[in-house]
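Every chain is numbered from 1 and lettered A, B, ... according to where its sequence line falls, protein lines coming before strand lines. For clarity, every value in this text was computed on a predicted model and none was experimentally measured.
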Amino acid sequence: MLARGGVAAAAARGRGAVGAAAGSRLASTWAEVPMGPADPILGLTEMYNKDTDPRKVSLGVGAYRGEDGKPWVLPSVRAAEKKILEDGVNKEYLGISGLPSFVDLSLRFGYGDNSAPLKEGRIAGVQTLSGTGACRLVGEFFNRFGISAQNAIYMPNPTWGNHIPIFRDAGMEVKQYTYFDRDIVGVNVEGMIKDMKDAPDGSAFLLHACAHNPTGSDPTMDQWREISDVMKTKKHVPFFDCAYQGFASGDAEKDAGAIRLFVDEGHQVLLGQSFAKNFGLYGERVGALSVVCADKDEAARVESQLKLLIRPMYSNPPANGARIVQTILSDPALEKQWREECKSMADRIIRMRDLLKSNLEKEGSSRDWSHVTDQIGMFCYSGITEDQVLEMREKHHVYMTKDGRISMAGVTKENVSYLAAALHEVTK
Amino acid sequence: MAPISFEKVEQGPPDAILGVKTRFLADDSPESVNVSVGAYRDAQGKPLVLEVVRKAEKAILEDASRNKEYLGIAGDVKFRQATQEFCFGADAKSVKEGRVATVQALSGTGALRVGAEFLATHFAGTKVYIPNPTWGNHFKIFGNAGLETAKYTYLNPATRGLDFEGMMKDLEQAPAGSVVVLHVCAHNPTGVDPTAEQWQKIVDLLTERQLLPFFDSAYQGFASGDVDKDAYAVRLFESKGQQMMVAQSYSKNMGLYGERVGALNVVCPSAGACARVMSQLELVIRPMYSNPPRHGAAIAALILTDPKLREEWKVELKGIVDRILAMRKGLREAIEATGAPGDWSFITDQIGMFTFTGLSADQVASMEKNYHIYMPSNGRISVAGLTSDKLEHVAKAIRSVL
């Protein structure tokens, strides 16, 4: 296990630590604490909220918006909540690993009812604080037990911004593998595979299960097979971050294709699941982490160690969101309703992609915008530069992260032509 | 190179407190009594959801303007403001001057961990002094954050009361810049708190020796029924202009256990420092869980800020505390009625959810085996888990091991 704490480790966490001498500082305890950088994504929302221009468009945070531009609480979620209130469930602590029925249903949702390791009872599963919590737990687990070669984890370039500090704070070294190619505006699978071959045997790789964030570009199933083969040869450890199952294509089974392929190929995968987007449960913090093990006994041991990491972090997870998911997935009628609602979100986003592309063409843009409709999920990697992103914000009051990532969920029939006009304006 | 396998991963030890509950649940004897977990039980031995919580939940559900969006990293704004005032009092100078950095946290555990990570990052090498005994999880929380921990004398096992001289002696030895964990009231597991005079001496010592207090506040209102009285220690320190950290939990006082409602407060010397500290706390939180769960905090915020609900909550709290006091009295009398040797007044002297019996691990094991009484091996009994129909049985069990 790598030592944590200490100035060197703290500096490695990139938080701007100050290792002041213990005795001298109490005169003004917090005086040397520097101002930390604002979170790039959540800080953007704050700026948007302060903007008074009526044309403003928020394409920053990855949270779904309806056609009216407003947050949408799924009717199946409201129905589940009503049921929970009527049942008069108590507020006792969940166990450290969370609501057991929720964990079971999560695993079935992710792996499929017919998954061999699931039926054999050799998947260790715990409830987590959404996807972030699952990732952090993986990092802490890998760090403590030296699971990955050189205690490093490889993640795609680019990846969700928060991935890097999550694993660094867990004490791991973060490396990147080739992923997105700006020239082809798609996945560079050859580059990815080369990096996997060059990495030391037994390295941990973070894979986006579907709807890669921020690029929206996923490998095809054939490409996933190639990736699986290389990882098997190199004995790499696959960790799937799955934040969009059902939300990407509208088909939950299809979206889990890569995960299930790897499991079928015999990989001992780790799977982090978030129910923030597909169930619209964002602020309830609902997620799960599972580890495919060799046998039941190993699964029990792994679960016991995950619990030892959870207990000194937050003791046990919040009950409300897990109960909602559990209520929905255990009721066939509610589950059916939920699948339709989830599909409707995916369909709307796909419609907006089509509209954005056609509006850009109408504007007379000479650029190739086919990636807008080729990419999948919440985000579109627009391909515009940082300067252009700034101009979009300052001149047109359109908010997106500086990598040019657009949250398609923020696009509506009402604002799509304005958005297209602005994009054309800054890129022509 | 060997294939990746988790084979080297060993079985972890079961959690001391929560493991006891597992054994209790497996015991089908009609005599079994669970006095282990620190969760309140009503007079029928059932979990209690406060009426005021049910009302708040219903109001939240019926409020169409509410949604499930992410909270900010620091959490529910209304909750943070209300919890700050609840902790320090609305008139606290540091609150009025905007010098308290408050983040919503995952109950007390989460608040302590965020605080610990913050300390480990910005004050690496800090030693954290923790009372002996204390809630078991304290050591792992600070340890997992990478901080060295040490114990300071607290309980006098002979009297089952506070060893104040021992405590002060140990704290005097702590190097300047160390952190001292203090239970605000209803010390867990002993139920023994310093008196007002002793708190005065403690704050003077900490100030003089340049030691930073980190308060764990899990029972405000739940100890005496009076939320201001229970906050005495924190407010005393605050009134002296002391910088400090305070972890709050609403698990017990609002019965919100599984919703994970809490806060971490950092009292700073200036508003500027406060803003900087806030930004750094957010940098700890974002890579841990991004933002906190909204449901429990919404309930707590409503109860704290709605005058009617706040008043009803006060009444319900009093009912809870009264029942706990009745159980303390009843247990003491039942034990004394068995003719058991020794002075059992500590049971009614101690305060809060727990009574620290001084029973040994062997005695506890014997009580479990022969009388189906379930408590952690340190002899801590959850008085809140007792009901009048079980008092005699528990008293007999204790008598049998003396």
Side-chain angles (χ1 to χ4, degrees), chain A residues 4-7 10 13 15 17-19 22-23 25-26 28-31 33-36 39 42 63 71 73 81 85 90-94 129 132-133 136 145 162 165-166 169 201-202 235 237 268 280-285 293-294 298 301-302 304-305 308 311-315 318-320, chain B residues 1 3-7 9-12 15 39 47 49 57-58 61 67-73 106-107 109-110 113 120-122 124-126 137 140-141 144 146-147 175-177 210 212 243 255-260 268-269 273 276-277 279-280 283 286-290 293-296:
Chain A
R4 299 187 58 223
V7 178
R13 294 186 210 175
R15 291 194 205 136
V18 178
R25 57 182 158 76
L26 253 215
S28 51
T29 303
W30 315 118
V33 174
M35 178 65 88
D39 183 274
L42 301 173
V73 179
E81 277 189 311
L85 198 74
N90 66 41
K91 298 224 168 279
E92 291 299 285
Y93 292 123
L94 294 178
L129 291 156
T132 306
R136 180 59 178 262
F145 293 96
N162 203 21
I166 289 171
D169 277 14
D201 283 11
K235 306 190 198 311
V237 185
Q268 286 186 265
L281 288 174
Y282 308 97
E284 300 282 351
R285 318 312 290 128
C293 299
E298 188 172 281
R301 295 199 311 274
V302 168
S304 74
Q305 294 296 346
L308 286 175
R311 175 67 160 150
M313 205 185 284
Y314 52 86
S315 279
N320 196 53
Chain B
M1 158 108 193
I4 298 310
S5 92
F6 304 115
E7 213 182 299
V9 175
E10 288 174 4
Q11 180 75 36
D15 184 272
V49 177
E57 262 195 323
K58 196 159 173 288
L61 202 73
N67 56 43
K68 300 226 169 276
E69 292 297 285
Y70 291 125
L71 293 175
I73 300 172
L106 287 149
S107 206
T109 307
R113 182 60 179 266
T121 302
H122 297 279
T126 294
N137 207 15
K140 294 203 196 72
I141 292 170
N144 274 24
L147 293 168
Q210 296 186 293
L212 184 80
Q243 290 166 102
L256 287 172
Y257 307 98
E259 302 289 355
R260 318 311 290 127
C268 303
R276 294 194 303 276
V277 168
S279 72
Q280 294 295 346
L283 285 175
R286 175 65 159 152
M288 201 184 279
Y289 52 85
S290 279
R294 52 182 301 131
H295 189 66

List the steps, then state whether side-chain contact (heavy atoms from CB on, under 4.5 Å) holds for A:Asn162 with B:Arg286.
CA-CA 7 Å; A:Asn162 203 21; B:Arg286 175 65 159 152; 3.4 Å; yes
Within a strict 4.5 Å, meaning less than it, do heavy atoms of the B:Met288 and A:Asp169 side chains meet?
no
Say you draw a straight line from CZ of B:Arg294 to OH of A:Tyr282; how long is it, rounded to the nearest 0.5 Å?
12.0 Å
Heavy-atom pairs under 4.5 Å with chain B - which of A:Pro71, A:Gly280, A:Pro312 has more of them than the others?
A:Pro312
Contacts of type side chain to side chain donor-acceptor pair (under 3.5 Å), residue A:Glu284, not counting sequence neighbours:
A:Asn320, B:Lys68
For B:Leu256 against A:Lys91, the heavy-atom pair lying closest together
CD2-CD, 3.8 Å
Taking all non-hydrogen atoms of both residues, which atom of A:Leu308 and which atom of B:Asn144 are closest, and how far apart?
O-ND2, 4.2 Å
Compare every heavy atom of B:Arg276 with every heavy atom of A:Met35, then report the nearest pair and how far apart it is.
N-CD, 3.7 Å
If you take all heavy atoms of B:Leu106 and A:Tyr314, which pair is closest and at what distance?
CB-CB, 3.7 Å
Inter-residue atom distance B:His295.NE2 - A:Arg285.CZ, 0.5 Å rounding
15.5 Å
Checking B:Pro47 against chain A: side chain, backbone, both or neither under 4.5 Å from a heavy atom?
both
State whether the side chain of A:Arg136 and the backbone N or O of B:Pro287 hold a donor-acceptor pair below 3.5 Å, judged by distance alone.
yes
Pick whichever of A:Thr132, A:Leu281, A:Asn90 has the most heavy-atom pairs under 4.5 Å with chain B.
A:Thr132
Based on non-hydrogen pairs under 4.5 Å, which of B:Asn137, B:Val277, B:Ile141 is most in contact with chain A?
B:Asn137
